[in-house]
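Here's the structure, in C-alpha coordinates; my notes come after.
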Protein chains: 2
Amino acid sequence: MNIRILCLGILSFREASGYEIKKEIEEGMFSHFIDASFGSIYPALSQLNAEGLVTVRAEEQTGRPDKKVYAVTEQGREALAKGLLVIPARDKYKSEFLFEMLFKAMLPEAHVRLAIEKQLHDLKDDLLRMHECRQLGQVDQGSEFIMGYGEAVLSAGARYLEDRLAELQPKPAIAAE
Amino acid sequence: MNIRILCLGILSFREASGYEIKKEIEEGMFSHFIDASFGSIYPALSQLNAEGLVTVRAEEQTGRPDKKVYAVTEQGREALAKGLLVIPARDKYKSEFLFEMLFKAMLPEAHVRLAIEKQLHDLKDDLLRMHECRQLGQVDQGSEFIMGYGEAVLSAGARYLEDRLAELQPKPAIAAE
DNA sequence: GTGAACATGTAACAAGTTACATGATTGA
DNA sequence: TCAATCATGTAACTTGTTACATGTTCAC
(Lines give C-alpha, C1' and ligand atoms only; values in the text may rest on other atoms or scores of the structure.)
Protein backbone atom coordinates (compact mmCIF):
# COMPACT_ATOMS: atom_id res chain seq x y z
CA MET A 1 0.00 0.00 0.00
CA ASN A 2 1.80 3.08 -1.16
CA ILE A 3 1.10 6.75 -0.82
CA ARG A 4 -0.48 6.89 -4.24
CA ILE A 5 -3.33 4.55 -3.33
CA LEU A 6 -3.66 6.32 -0.01
CA CYS A 7 -4.19 9.66 -1.77
CA LEU A 8 -6.64 8.14 -4.23
CA GLY A 9 -8.55 6.64 -1.34
CA ILE A 10 -8.84 9.87 0.56
CA LEU A 11 -9.76 11.77 -2.58
CA SER A 12 -12.48 9.22 -3.29
CA PHE A 13 -14.36 10.58 -0.27
CA ARG A 14 -13.93 14.25 -1.17
CA GLU A 15 -11.63 16.49 -3.14
CA ALA A 16 -8.76 17.98 -1.19
CA SER A 17 -5.39 19.67 -1.37
CA GLY A 18 -2.13 18.02 -0.37
CA TYR A 19 -2.19 20.02 2.81
CA GLU A 20 -5.67 18.78 3.65
CA ILE A 21 -4.73 15.19 2.90
CA LYS A 22 -1.86 15.47 5.34
CA LYS A 23 -4.19 16.85 7.97
CA GLU A 24 -6.67 14.07 7.40
CA ILE A 25 -3.91 11.50 7.84
CA GLU A 26 -2.73 13.14 11.03
CA GLU A 27 -6.01 14.00 12.66
CA GLY A 28 -8.49 11.70 10.99
CA MET A 29 -9.38 8.24 12.13
CA PHE A 30 -6.60 6.69 10.05
CA SER A 31 -3.91 8.30 12.11
CA HIS A 32 -3.12 5.23 14.17
CA PHE A 33 -2.41 2.95 11.24
CA ILE A 34 -1.23 5.27 8.48
CA ASP A 35 1.56 7.82 8.14
CA ALA A 36 2.73 10.19 5.43
CA SER A 37 4.68 13.40 5.18
CA PHE A 38 4.53 16.31 2.72
CA GLY A 39 7.67 15.04 1.12
CA SER A 40 5.80 11.98 -0.06
CA ILE A 41 2.31 13.40 -0.57
CA TYR A 42 3.15 16.27 -2.92
CA PRO A 43 5.19 14.20 -5.36
CA ALA A 44 2.54 11.47 -5.29
CA LEU A 45 -0.18 13.94 -6.24
CA SER A 46 1.85 15.38 -9.13
CA GLN A 47 2.46 11.89 -10.39
CA LEU A 48 -1.21 10.89 -10.12
CA ASN A 49 -2.09 14.03 -12.02
CA ALA A 50 0.45 13.27 -14.75
CA GLU A 51 -1.12 9.84 -15.12
CA GLY A 52 -4.64 11.20 -15.34
CA LEU A 53 -5.85 9.55 -12.14
CA VAL A 54 -6.66 12.89 -10.56
CA THR A 55 -7.39 16.43 -11.78
CA VAL A 56 -6.18 19.68 -10.28
CA ARG A 57 -7.88 23.00 -9.88
CA ALA A 58 -6.01 25.97 -8.50
CA GLU A 59 -7.88 28.05 -5.95
CA GLU A 60 -6.47 31.53 -5.69
CA GLN A 61 -5.63 32.77 -2.25
CA THR A 62 -4.29 36.07 -1.02
CA GLY A 63 -0.85 36.04 0.52
CA ARG A 64 -0.17 32.33 0.17
CA PRO A 65 0.42 29.89 -2.66
CA ASP A 66 -2.59 28.85 -4.69
CA LYS A 67 -4.41 25.97 -3.09
CA LYS A 68 -4.32 23.05 -5.48
CA VAL A 69 -7.49 21.09 -5.06
CA TYR A 70 -7.26 17.54 -6.37
CA ALA A 71 -10.20 15.39 -7.40
CA VAL A 72 -10.17 11.77 -8.46
CA THR A 73 -11.10 10.90 -12.06
CA GLU A 74 -13.00 7.89 -13.35
CA GLN A 75 -9.64 6.29 -14.19
CA GLY A 76 -8.51 7.05 -10.68
CA ARG A 77 -11.51 5.28 -9.20
CA GLU A 78 -10.77 2.27 -11.32
CA ALA A 79 -7.14 2.25 -10.22
CA LEU A 80 -8.27 2.49 -6.60
CA ALA A 81 -10.77 -0.35 -6.99
CA LYS A 82 -8.08 -2.48 -8.55
CA GLY A 83 -5.60 -1.62 -5.81
CA LEU A 84 -8.11 -2.56 -3.13
CA LEU A 85 -8.72 -6.01 -4.57
CA VAL A 86 -5.29 -7.23 -3.53
CA ILE A 87 -5.27 -9.26 -0.32
CA PRO A 88 -3.58 -6.88 2.10
CA ALA A 89 -0.04 -7.46 3.30
CA ARG A 90 0.52 -8.40 6.90
CA ASP A 91 0.30 -5.54 9.37
CA LYS A 92 3.59 -3.92 10.23
CA TYR A 93 3.95 -3.06 13.86
CA LYS A 94 7.09 -1.63 15.43
CA SER A 95 7.30 -0.84 19.09
CA GLU A 96 10.31 0.59 20.83
CA PHE A 97 8.23 0.56 23.98
CA LEU A 98 7.81 -3.21 24.00
CA PHE A 99 11.45 -3.71 23.14
CA GLU A 100 12.44 -1.59 26.10
CA MET A 101 10.08 -3.41 28.41
CA LEU A 102 11.84 -6.64 27.51
CA PHE A 103 14.67 -5.29 29.66
CA LYS A 104 12.33 -4.11 32.39
CA ALA A 105 14.29 -5.98 35.04
CA MET A 106 17.47 -4.02 34.41
CA LEU A 107 15.87 -0.55 34.20
CA PRO A 108 15.17 1.89 37.03
CA GLU A 109 11.57 1.59 38.13
CA ALA A 110 11.01 5.31 37.64
CA HIS A 111 11.96 4.95 34.00
CA VAL A 112 9.70 1.95 33.54
CA ARG A 113 6.83 3.91 35.01
CA LEU A 114 7.49 6.87 32.73
CA ALA A 115 7.68 4.65 29.67
CA ILE A 116 4.43 2.90 30.54
CA GLU A 117 2.69 6.18 31.26
CA LYS A 118 3.84 7.58 27.94
CA GLN A 119 2.58 4.51 26.09
CA LEU A 120 -0.73 4.71 27.91
CA HIS A 121 -0.98 8.37 26.97
CA ASP A 122 -0.34 7.55 23.30
CA LEU A 123 -3.03 4.88 23.30
CA LYS A 124 -5.57 7.16 24.95
CA ASP A 125 -4.69 9.91 22.54
CA ASP A 126 -5.57 7.64 19.62
CA LEU A 127 -8.77 6.53 21.31
CA LEU A 128 -9.80 10.11 21.95
CA ARG A 129 -9.20 11.08 18.35
CA MET A 130 -11.47 8.27 17.24
CA HIS A 131 -14.23 9.33 19.56
CA GLU A 132 -13.99 12.84 18.17
CA CYS A 133 -14.20 11.53 14.60
CA ARG A 134 -17.23 9.46 15.59
CA GLN A 135 -19.02 12.52 16.84
CA LEU A 136 -18.39 14.98 14.04
CA GLY A 137 -18.03 12.68 11.08
CA GLN A 138 -20.11 10.65 8.71
CA VAL A 139 -19.65 7.13 10.04
CA ASP A 140 -20.29 4.76 7.17
CA GLN A 141 -19.84 1.00 7.13
CA GLY A 142 -16.11 1.14 6.53
CA SER A 143 -15.21 3.73 9.14
CA GLU A 144 -17.45 1.99 11.66
CA PHE A 145 -15.48 -1.21 11.09
CA ILE A 146 -12.04 0.27 11.42
CA MET A 147 -12.94 2.37 14.42
CA GLY A 148 -14.44 -0.67 16.10
CA TYR A 149 -11.22 -2.57 15.46
CA GLY A 150 -9.07 0.30 16.64
CA GLU A 151 -11.08 0.76 19.80
CA ALA A 152 -10.98 -2.93 20.62
CA VAL A 153 -7.22 -3.15 20.21
CA LEU A 154 -6.25 0.19 21.75
CA SER A 155 -8.49 -0.14 24.77
CA ALA A 156 -7.23 -3.67 25.43
CA GLY A 157 -3.69 -2.31 25.46
CA ALA A 158 -4.66 0.58 27.71
CA ARG A 159 -6.43 -1.71 30.17
CA TYR A 160 -3.38 -3.96 30.34
CA LEU A 161 -1.06 -1.03 31.05
CA GLU A 162 -3.34 0.39 33.71
CA ASP A 163 -3.33 -2.95 35.50
CA ARG A 164 0.46 -3.16 35.38
CA LEU A 165 0.81 0.42 36.61
CA ALA A 166 -1.42 -0.37 39.56
CA GLU A 167 0.93 -3.20 40.50
CA LEU A 168 3.99 -0.95 40.58
CA GLN A 169 5.21 0.56 43.83
CA PRO A 170 2.99 3.47 44.83
CA LYS A 171 3.97 6.59 43.00
CA PRO A 172 6.23 8.90 44.97
CA ALA A 173 4.75 12.32 45.71
CA ILE A 174 7.44 14.11 43.72
CA ALA A 175 8.72 11.93 40.94
CA ALA A 176 12.06 12.53 39.27
CA GLU A 177 14.00 10.20 37.04
CA MET B 1 15.49 2.08 17.96
CA ASN B 2 17.85 0.86 15.34
CA ILE B 3 19.16 -2.55 14.42
CA ARG B 4 22.33 -1.99 16.42
CA ILE B 5 20.53 -1.73 19.74
CA LEU B 6 18.31 -4.62 18.72
CA CYS B 7 21.36 -6.84 18.18
CA LEU B 8 22.95 -5.73 21.43
CA GLY B 9 19.72 -6.51 23.23
CA ILE B 10 19.42 -10.00 21.84
CA LEU B 11 23.09 -10.69 22.49
CA SER B 12 22.65 -9.55 26.08
CA PHE B 13 20.55 -12.68 26.66
CA ARG B 14 22.96 -15.07 24.98
CA GLU B 15 25.68 -15.09 22.37
CA ALA B 16 24.53 -15.79 18.83
CA SER B 17 25.38 -15.60 15.15
CA GLY B 18 23.72 -13.22 12.72
CA TYR B 19 21.69 -16.10 11.39
CA GLU B 20 20.46 -16.99 14.85
CA ILE B 21 19.56 -13.40 15.60
CA LYS B 22 17.44 -13.30 12.48
CA LYS B 23 15.71 -16.51 13.55
CA GLU B 24 15.06 -15.13 16.99
CA ILE B 25 13.49 -12.02 15.48
CA GLU B 26 11.33 -14.09 13.17
CA GLU B 27 10.29 -16.88 15.48
CA GLY B 28 10.82 -15.47 18.94
CA MET B 29 8.31 -13.53 20.94
CA PHE B 30 9.44 -10.22 19.41
CA SER B 31 8.25 -11.17 15.96
CA HIS B 32 5.05 -9.17 16.13
CA PHE B 33 6.68 -5.85 16.93
CA ILE B 34 10.16 -6.11 15.42
CA ASP B 35 11.54 -6.77 11.96
CA ALA B 36 15.00 -7.08 10.46
CA SER B 37 16.60 -8.68 7.44
CA PHE B 38 20.07 -10.12 6.87
CA GLY B 39 20.91 -7.06 4.86
CA SER B 40 20.68 -4.97 7.98
CA ILE B 41 21.81 -7.45 10.64
CA TYR B 42 25.17 -8.45 9.16
CA PRO B 43 26.44 -4.91 8.60
CA ALA B 44 25.23 -3.93 12.07
CA LEU B 45 27.20 -6.74 13.67
CA SER B 46 30.39 -5.86 11.79
CA GLN B 47 29.99 -2.29 12.88
CA LEU B 48 29.38 -3.22 16.51
CA ASN B 49 32.48 -5.38 16.40
CA ALA B 50 34.56 -2.57 14.92
CA GLU B 51 33.41 -0.35 17.78
CA GLY B 52 34.25 -2.92 20.43
CA LEU B 53 30.68 -3.38 21.60
CA VAL B 54 30.72 -7.07 20.69
CA THR B 55 33.37 -9.75 20.14
CA VAL B 56 33.41 -12.43 17.47
CA ARG B 57 34.53 -16.00 17.60
CA ALA B 58 34.55 -18.12 14.44
CA GLU B 59 33.20 -21.61 14.82
CA GLU B 60 34.45 -23.90 12.08
CA GLN B 61 31.86 -25.87 10.23
CA THR B 62 32.16 -28.45 7.47
CA GLY B 63 30.68 -27.52 4.13
CA ARG B 64 29.42 -24.09 5.08
CA PRO B 65 30.90 -20.74 6.04
CA ASP B 66 32.32 -20.43 9.53
CA LYS B 67 29.66 -19.55 12.03
CA LYS B 68 30.53 -16.20 13.57
CA VAL B 69 29.35 -16.20 17.13
CA TYR B 70 28.97 -12.74 18.60
CA ALA B 71 29.00 -11.88 22.28
CA VAL B 72 28.37 -8.54 23.90
CA THR B 73 31.25 -6.84 25.74
CA GLU B 74 31.11 -4.73 28.88
CA GLN B 75 31.16 -1.63 26.69
CA GLY B 76 28.31 -3.14 24.71
CA ARG B 77 26.23 -3.62 27.85
CA GLU B 78 26.83 -0.01 28.78
CA ALA B 79 25.78 1.16 25.31
CA LEU B 80 22.65 -0.95 25.58
CA ALA B 81 21.77 0.40 29.02
CA LYS B 82 22.23 3.92 27.72
CA GLY B 83 20.13 3.21 24.66
CA LEU B 84 17.32 1.83 26.78
CA LEU B 85 17.12 4.92 28.95
CA VAL B 86 15.60 6.97 26.16
CA ILE B 87 11.84 7.35 26.39
CA PRO B 88 10.66 5.20 23.49
CA ALA B 89 9.28 6.73 20.33
CA ARG B 90 5.61 6.31 19.58
CA ASP B 91 4.64 2.91 18.18
CA LYS B 92 4.50 2.70 14.43
CA TYR B 93 1.60 0.70 13.14
CA LYS B 94 0.77 0.31 9.46
CA SER B 95 -2.18 -1.71 8.30
CA GLU B 96 -3.18 -2.24 4.70
CA PHE B 97 -6.00 -4.37 6.04
CA LEU B 98 -7.64 -1.51 7.92
CA PHE B 99 -7.14 0.82 4.99
CA GLU B 100 -8.90 -1.66 2.72
CA MET B 101 -11.72 -2.13 5.18
CA LEU B 102 -12.35 1.60 5.03
CA PHE B 103 -13.75 0.89 1.56
CA LYS B 104 -15.67 -2.16 2.73
CA ALA B 105 -18.90 -0.86 1.24
CA MET B 106 -17.51 -0.81 -2.30
CA LEU B 107 -15.81 -4.21 -2.20
CA PRO B 108 -17.29 -7.62 -3.04
CA GLU B 109 -18.35 -9.38 0.13
CA ALA B 110 -16.29 -12.46 -0.75
CA HIS B 111 -13.18 -10.30 -0.83
CA VAL B 112 -14.03 -8.66 2.47
CA ARG B 113 -14.46 -12.08 4.02
CA LEU B 114 -11.13 -13.28 2.65
CA ALA B 115 -9.33 -10.20 3.90
CA ILE B 116 -10.83 -10.53 7.39
CA GLU B 117 -10.03 -14.23 7.51
CA LYS B 118 -6.45 -13.53 6.51
CA GLN B 119 -6.09 -10.88 9.18
CA LEU B 120 -7.59 -13.21 11.76
CA HIS B 121 -5.16 -15.89 10.70
CA ASP B 122 -2.21 -13.50 11.10
CA LEU B 123 -3.33 -12.51 14.59
CA LYS B 124 -3.78 -16.11 15.67
CA ASP B 125 -0.43 -16.98 14.20
CA ASP B 126 1.23 -14.37 16.41
CA LEU B 127 -0.72 -15.55 19.43
CA LEU B 128 0.28 -19.15 18.82
CA ARG B 129 3.95 -18.24 18.54
CA MET B 130 3.75 -16.50 21.88
CA HIS B 131 2.17 -19.50 23.54
CA GLU B 132 4.95 -21.66 22.18
CA CYS B 133 7.59 -19.28 23.52
CA ARG B 134 5.87 -19.34 26.89
CA GLN B 135 6.11 -23.08 27.05
CA LEU B 136 9.69 -23.67 25.98
CA GLY B 137 11.35 -20.49 27.12
CA GLN B 138 12.60 -18.78 30.21
CA VAL B 139 9.87 -16.28 30.97
CA ASP B 140 11.43 -13.51 33.00
CA GLN B 141 9.83 -10.26 34.11
CA GLY B 142 10.37 -8.51 30.79
CA SER B 143 9.12 -11.23 28.50
CA GLU B 144 6.13 -11.81 30.75
CA PHE B 145 5.22 -8.15 30.38
CA ILE B 146 5.52 -7.98 26.61
CA MET B 147 3.73 -11.26 26.06
CA GLY B 148 0.93 -10.13 28.32
CA TYR B 149 0.61 -6.94 26.31
CA GLY B 150 0.76 -8.78 23.01
CA GLU B 151 -1.84 -11.29 24.09
CA ALA B 152 -4.17 -8.59 25.33
CA VAL B 153 -3.97 -6.62 22.10
CA LEU B 154 -3.91 -9.49 19.62
CA SER B 155 -6.75 -11.41 21.23
CA ALA B 156 -8.89 -8.27 21.39
CA GLY B 157 -8.39 -7.85 17.65
CA ALA B 158 -9.15 -11.50 16.99
CA ARG B 159 -12.33 -11.39 19.06
CA TYR B 160 -13.52 -8.32 17.17
CA LEU B 161 -12.90 -9.94 13.79
CA GLU B 162 -14.64 -13.15 14.82
CA ASP B 163 -17.70 -11.18 15.82
CA ARG B 164 -17.75 -9.31 12.51
CA LEU B 165 -17.32 -12.53 10.55
CA ALA B 166 -20.28 -14.04 12.35
CA GLU B 167 -22.40 -11.10 11.19
CA LEU B 168 -21.55 -11.62 7.54
CA GLN B 169 -23.88 -13.60 5.28
CA PRO B 170 -23.47 -17.31 5.95
CA LYS B 171 -20.47 -18.64 4.11
CA PRO B 172 -21.35 -20.33 0.81
CA ALA B 173 -20.49 -24.03 0.68
CA ILE B 174 -17.98 -23.47 -2.11
CA ALA B 175 -16.46 -20.03 -1.89
CA ALA B 176 -14.81 -18.36 -4.85
CA GLU B 177 -13.87 -14.76 -5.25
C1' DG C 1 6.23 39.65 18.88
C1' DT C 2 6.09 34.84 18.75
C1' DG C 3 4.44 30.68 17.39
C1' DA C 4 0.95 28.09 14.99
C1' DA C 5 -1.72 27.39 10.95
C1' DC C 6 -2.00 27.98 6.18
C1' DA C 7 0.24 26.41 1.63
C1' DT C 8 3.58 24.19 -1.80
C1' DG C 9 7.60 22.07 -3.25
C1' DT C 10 12.58 19.96 -3.64
C1' DA C 11 17.00 17.92 -2.47
C1' DA C 12 19.69 15.55 0.54
C1' DC C 13 19.60 11.95 3.57
C1' DA C 14 18.26 7.76 6.37
C1' DA C 15 17.14 3.21 7.03
C1' DG C 16 16.05 -0.48 5.57
C1' DT C 17 14.74 -4.37 1.94
C1' DT C 18 15.47 -7.30 -2.14
C1' DA C 19 18.15 -9.62 -5.04
C1' DC C 20 22.37 -11.55 -5.99
C1' DA C 21 26.53 -14.47 -5.05
C1' DT C 22 27.93 -19.21 -3.06
C1' DG C 23 27.30 -23.77 -1.57
C1' DA C 24 26.58 -28.16 1.51
C1' DT C 25 23.11 -30.95 3.95
C1' DT C 26 18.85 -32.93 5.07
C1' DG C 27 14.21 -34.38 4.98
C1' DA C 28 9.85 -35.12 2.31
C1' DT D 1 14.42 -34.07 -6.83
C1' DC D 2 12.87 -30.20 -4.72
C1' DA D 3 12.50 -27.15 -1.12
C1' DA D 4 14.09 -25.83 3.30
C1' DT D 5 17.73 -24.98 6.58
C1' DC D 6 22.14 -23.66 7.46
C1' DA D 7 25.55 -19.65 6.83
C1' DT D 8 27.63 -15.06 5.38
C1' DG D 9 27.94 -11.00 2.90
C1' DT D 10 27.36 -6.90 -0.63
C1' DA D 11 25.29 -3.73 -3.95
C1' DA D 12 21.48 -1.84 -5.90
C1' DC D 13 17.23 -0.21 -4.93
C1' DT D 14 12.86 1.47 -2.45
C1' DT D 15 10.45 4.19 0.20
C1' DG D 16 10.04 7.49 2.80
C1' DT D 17 11.55 11.40 6.14
C1' DT D 18 13.93 15.78 7.43
C1' DA D 19 15.43 19.98 6.47
C1' DC D 20 15.36 23.77 3.63
C1' DA D 21 13.21 27.51 0.81
C1' DT D 22 9.29 31.13 0.98
C1' DG D 23 5.73 33.90 2.74
C1' DT D 24 1.04 35.57 5.03
C1' DT D 25 -2.32 35.77 8.57
C1' DC D 26 -4.17 35.22 12.98
C1' DA D 27 -4.48 34.43 17.87
C1' DC D 28 -2.37 35.02 22.35
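Throughout, protein chains are lettered first and strands after them, A, B, ... in sequence-line order, and every chain is numbered starting at 1.
- Atom CG in Leu6(A) sits roughly 10 Å away from atom P in dT17(D) (whole-Å rounding).
- Spacing between atom CD of Glu27(B) and atom P of dA4(D) amounts to 14 Å, rounded to whole angstrom units.
- For the residue pair Gln61(A) / Lys67(A), no side-chain donor-acceptor distance below 3.5 Å is found, with atom types taken as modelled.
- Projected onto DNA chain D by closest heavy-atom contact, Phe38(A) and Tyr70(B) fall at different nucleotides, the more 5' of which corresponds to Tyr70(B).
- Residues Tyr42(A) and Asp35(B) both approach DNA chain C. Their nearest nucleotides, taken by heavy-atom distance, put Tyr42(A) toward the 5′ side.
- With rounding to whole Å, Glu60(B) atom CD is found 17 Å from dA24(C) atom P.
- The aromatic rings of Tyr149(B) and Tyr160(A) sit perpendicular to each other, their planes meeting at more than 60°, with 30° as the lower class boundary.
- Separating the CD atom of Gln47(A) from the P atom of dT10(C) is a distance of 12 Å, rounded to the nearest angstrom.
- Counting heavy atoms from C-beta outward, Ile10(A) and Phe30(A) have side chains that approach closer than 4.5 Å.
- Regarding contacts with the backbone of dT8(D), every side-chain N or O of Tyr19(B) stays at 4.0 angstrom or more from both OP1 and OP2.
- Phosphate proximity of dG16(C) to Ser40(B): absent, as no side-chain N or O sits under 4.0 Å from OP1 or OP2.
- At a threshold of 4.0 angstrom between heavy atoms, the contacts of Ser17(A) are confined to the sugar-phosphate backbone, with no base atom among them.
- Applying the 4.0 Å criterion to OP1 and OP2 of dC6(C), one finds that Gln61(A) has every side-chain N and O outside that range.
- Distance, Lys94(A) NZ to dT17(D) P: 13 Å, rounded to whole Å.
- Between Lys68(B) and the phosphate of dT8(D), there is no side-chain N or O to OP1/OP2 separation shorter than 4.0 Å.
- Here Glu100(B) does not pair with Lys118(B) in a salt bridge; the nearest charged N to carboxylate O distance is not below 4.0 Å.
- Separating the CD1 atom of Ile34(A) from the C1' atom of dT15(D) is a distance of 16 Å, rounded to the nearest angstrom.
- The nearest whole Å value for the distance from the CD1 atom in Ile3(A) to the P atom in dT14(D) is 16 Å.
- A donor-acceptor contact closer than 3.5 angstrom is absent between the side chains of Ser46(B) and Asn49(B).
- Lys23(B) comes within 4.0 angstrom of sugar-phosphate atoms only, judged by non-hydrogen atoms across all strands, and of no base.
- Rounding to whole angstrom units, NZ of residue Lys22(A) and P of dG16(D) are separated by 15 Å.
- In this structure, of dT8(C), dT8(D), dG9(D), it is dT8(D) that holds the atom nearest to the side chain of Lys67(B).
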